[in-house]
Structures are given as structure tokens and as C-alpha cells.
Engineer: 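This is the structure I want to talk about, given as C-alpha cells.
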Amino acid sequence: MSQVAEAEFIILVKAERDVAYESPDHLCPWGTRRDNSRNKRFNHKLERLFQDITKTPAVLDLGCSGGGFVKTCIDDGWLAVGLEGSNYSKIHKRAEWLTIPGFLFTCDITGNFDVLLKNNKGESRLTFDVVTSWDVIEHIAEEDLAKVAENVKKHLNPGGFWILSVSPHEEIINGVRLHQTVQPKEWWINKFKQLGFENLDEYVRYFNTQFIRGPKYDAPGSFHLVLCVDKMKIPSVPKERLVQRLYDRWLGSPAQRRVKRLIVGD
């Protein structure tokens, strides 16, 4: 069990296994010792998505690596918690494990776990408006996907989203096969449907390439899914002006990166 004391509450993570000891990503740390992804444009669009509910979204990031995305959420005033299967970054106090250790926890998401909040009224499970998994789900063996989906469901608010980037390609590092389930997009959509989640293409279009990871952001060849359990309860896609849509396409593009290099250098 892990916990952190804040001003008026304690966050607890109770897990069947506090580290994914048998995972190739723990045995051969790669992304977990290198990645610390963030994208403030994604945060902006996520906040707009929930603006009519008059609250900021609470976020649970599965496979948080260095914790960069969680840190940006906290800096924006949101409640955010990150879970990571490997203890590499925690041991080495890498990236945001040094700056926000109380919001980042190790946990094997293929086993039972609960993220809890404890205050003067007692202890209760935290639920979140958004669960994210950036280049994580393909690292999970097919036989473990149902358990991960079950864990997401019990931590997801009825009107919430599970947002993922997924790689359909093999990744072998130093002879170790890191991607355990390598399948095309349609396979994943059907698999999640079997597990009780509906894919929402219109919401993928709303984010308009602005995710934490993806083809523009350190994950070439990947694709995105935005999933929900009950479509009747989720917030509507916000209306956007054409200039906002064009800006999303421009930001992070090869042309924008070239212009940035010309102006500020490498």
C-alpha cells in the first residue's frame, strides 16, 4: 500500500502487486526510463470538453512513466494520479517522481488495485473523469486486457472517457519483445466493445492530433481511441472555430517544427 498526505486528505493506492515484476517493461526498462511526455494543448482541449459541467476533470494516467502529463494536470489545478508498472523512475527519482512523488505510484494494472482518498470523513475509492493510457495497452498480454478494462471501469465516472494511444507495431529492444499484443485498430475497437467500451471517432476528431503521445509526439505509426461506457452520459463535443482546427493541425507538424528551429534554433 502506498499513500501520500496532502493538506486535507491522503491518497492511497492499494494493489495486489505494487510492481509488474514479470513485465518485460520492468525487466528491461525502456520507455519507463526515457519518457516524460506532456502536451499542454491536450490539457486545454480536455478542459474545454468538461467546461459545461463547471468542473475541472480528474485524471488517472495508467503507465505514467516519468509523470510529465500528471505534473501538467496538477499545475493546472486538477486532481491527477499516475500509476506505473516499473519502479525504475521511482527508485532513481527520475523526472516528476522527484517533484510530485505523492501523486505517482507503482502498481501492476493487470492485478486488482484501488486508488483511494482518505479524509476526516473516512476512506473511499477515487473515481475519475478521464483515464489515459499513452502507448501502454499494447504492452499488456491479451489474456490480461479484461482485467485492465475492469480496473478502468471501477475507477471511471459514468460520464467519463478512457483515452489511449496504441501502437500496432512490434517493439523489440535488446532482444526483448516489449509489445505483448500487436493488433490493428479494428481489432482493438472490437476487443474493447467486447469489454464494454464504445469507441468515439467524433471525440478523436475533436482532439485533432493533439494528444500526449501519437504520430506527432514521439509515437510514429500509433493511433488513438477515445472510449466510454455510457454514451448518454458523456459531455458533448465543443464547437470550435476553423482557426482552432487549423492550429491543432499546425501545432507539432513537421512544418511547425521547422519554423521553430529557424526561429529559436535546435
Side-chain angles (χ1 to χ4, degrees), residues 1-15 18 31-51 53-107 109 113-121 123-136 151-152 155-157 159-165 207 210-214 217-218 226 235 251-252:
M1 180 180 73
S2 303
Q3 68 179 50
V4 58
E6 288 301 315
E8 299 178 355
F9 61 87
I10 295 173
I11 295 175
L12 307 166
V13 175
K14 295 182 179 180
D18 61 349
T32 193
R33 68 180 173 87
R34 299 166 65 247
D35 297 335
N36 194 33
S37 303
R38 62 189 73 202
N39 178 5
K40 291 291 288 184
R41 183 65 177 168
F42 173 79
N43 292 38
H44 170 74
K45 294 181 77 71
L46 194 60
E47 190 166 34
R48 287 199 69 235
L49 185 57
F50 285 89
Q51 65 184 355
I53 305 177
T54 66
K55 70 170 185 175
T56 58
V59 176
L60 175 62
D61 187 28
L62 303 182
C64 64
S65 192
F69 170 51
V70 175
K71 176 65 161 56
T72 64
C73 292
I74 292 171
D75 288 345
D76 286 340
W78 307 355
L79 172 64
V81 176
L83 303 181
E84 172 59 38
S86 171
N87 60 7
Y88 181 93
S89 292
K90 179 179 180 179
I91 290 173
H92 294 278
K93 294 182 171 58
R94 187 185 78 84
E96 308 309 336
W97 291 80
L98 180 63
T99 64
I100 54 165
F103 297 93
L104 304 176
F105 302 88
T106 60
C107 173
I109 63 173
F113 71 84
D114 288 287
V115 181
L116 306 170
L117 183 143
K118 183 177 180 180
N119 57 23
N120 57 10
K121 295 181 180 179
E123 186 177 296
S124 60
R125 178 184 295 138
L126 275 172
T127 55
F128 298 85
D129 302 295
V130 180
V131 176
T132 56
S133 308
W134 307 113
D135 290 1
V136 171
N151 283 325
V152 170
H155 287 91
L156 190 64
N157 286 330
F161 299 94
W162 186 10
I163 303 177
L164 310 90
S165 61
F207 284 102
Q210 293 304 321
F211 294 91
I212 301 300
R213 290 179 66 84
Y217 301 108
D218 303 317
V226 177
L251 189 63

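Computed over heavy atoms, backbone and side chain alike; hydrogens, waters and symmetry mates excluded.
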Engineer: Applying the side chain to side chain donor-acceptor pair (under 3.5 Å) test to D76, which of H44, K71, K40 qualifies?
Structural biologist: K40
Engineer: Keeping N151 on the side-chain end and I109 on the backbone end, is there a donor-acceptor pair under 3.5 Å?
Structural biologist: yes
Engineer: Does any N or O in the side chain of N39 come within less than 3.5 Å of the main-chain N or O of F211, such that one atom is a donor and the other an acceptor?
Structural biologist: yes
Engineer: Mind checking the CG-CZ spacing from L251 to R41? Nearest 0.5 Å is all I need.
Structural biologist: 7.0 Å
Engineer: side-chain contact (heavy atoms from CB on, under 4.5 Å) with E123: which of L116, L117, I10?
Structural biologist: L116
Engineer: Counting C-beta onward and ignoring hydrogens, is there a side-chain heavy-atom pair between L46 and F161 closer than 4.5 Å?
Structural biologist: no
Engineer: What distance do T99 atom OG1 and D75 atom CG have between them, rounded to the nearest 0.5 Å?
Structural biologist: 8.0 Å
Engineer: Would you say the side chain of T132 lies within less than 4.5 Å of the side chain of I212, judging by non-hydrogen atoms?
Structural biologist: no
Engineer: Could you give the distance from CG (L79) to CD1 (I11), rounded to the nearest 0.5 Å?
Structural biologist: 5.5 Å
Engineer: Can you label the angle between the F128 ring and the H155 ring as parallel, tilted or perpendicular, going by 30° and 60°?
Structural biologist: tilted
Engineer: Using every non-hydrogen atom in the two residues, find where C64 and W97 come nearest and quote the distance to one decimal.
Structural biologist: SG-CZ2, 4.1 Å
Engineer: Search all heavy atoms of C73 against all heavy atoms of N43 and return the closest pair with its distance.
Structural biologist: N-ND2, 3.8 Å
Engineer: Provide the closest heavy-atom pair for A58 versus T127 in the form atom of the first, atom of the second, distance.
Structural biologist: CB-O, 4.5 Å
Engineer: Looking at every heavy atom in both R48 and Q51, which two are closest together, and how far apart are they?
Structural biologist: O-CG, 3.0 Å
Engineer: Between R38 and F69, what is the shortest heavy-atom contact and its length?
Structural biologist: CB-N, 4.3 Å
Engineer: Is the side chain of S165 donor-acceptor paired with the backbone N or O of D135 at a distance under 3.5 Å, no angle test?
Structural biologist: yes
Engineer: Going from NZ on K118 to CG on L12, what distance comes out if it is rounded to the nearest 0.5 angstrom?
Structural biologist: 6.5 Å
Engineer: Mind checking the CZ-CG spacing from F103 to D61? Nearest 0.5 Å is all I need.
Structural biologist: 14.5 Å
Engineer: Yes or no on side-chain contact (heavy atoms from CB on, under 4.5 Å) for L126 and L60, after CA distance, side-chain angles and deciding distance?
Structural biologist: CA-CA 10 Å; L126 275 172; L60 175 62; over 6 Å; no
Engineer: Short question: side chain of S133, backbone of L164 - any donor-acceptor pair under 3.5 Å?
Structural biologist: no
Engineer: Determine whether the aromatic ring centres of residues F42 and W134 are separated by less than 6.0 angstrom.
Structural biologist: yes
Engineer: Please walk me through it: do V13 and L83 pass side-chain contact (heavy atoms from CB on, under 4.5 Å)?
Structural biologist: CA-CA 9 Å; V13 175; L83 303 181; 4.1 Å; yes
Engineer: Judged by atom type as modelled, is there a donor-acceptor pair below 3.5 Å linking the side chain of R94 to the main-chain atoms of T32?
Structural biologist: yes
Engineer: Only one of C107, S89, S65 clears side-chain contact (heavy atoms from CB on, under 4.5 Å) with E84; which?
Structural biologist: S65
Engineer: Measuring from atom CG of D218 to atom CZ of R34, what distance do you get when rounded to the nearest 0.5 angstrom?
Structural biologist: 8.5 Å
Engineer: For N36 and G68, indicate whether the former's side chain and the latter's backbone hold a donor-acceptor pair under 3.5 Å.
Structural biologist: yes
Engineer: State, to 0.1 Å, how close G159 and P235 come at their nearest heavy-atom pair, and which atoms those are.
Structural biologist: O-CD, 3.5 Å
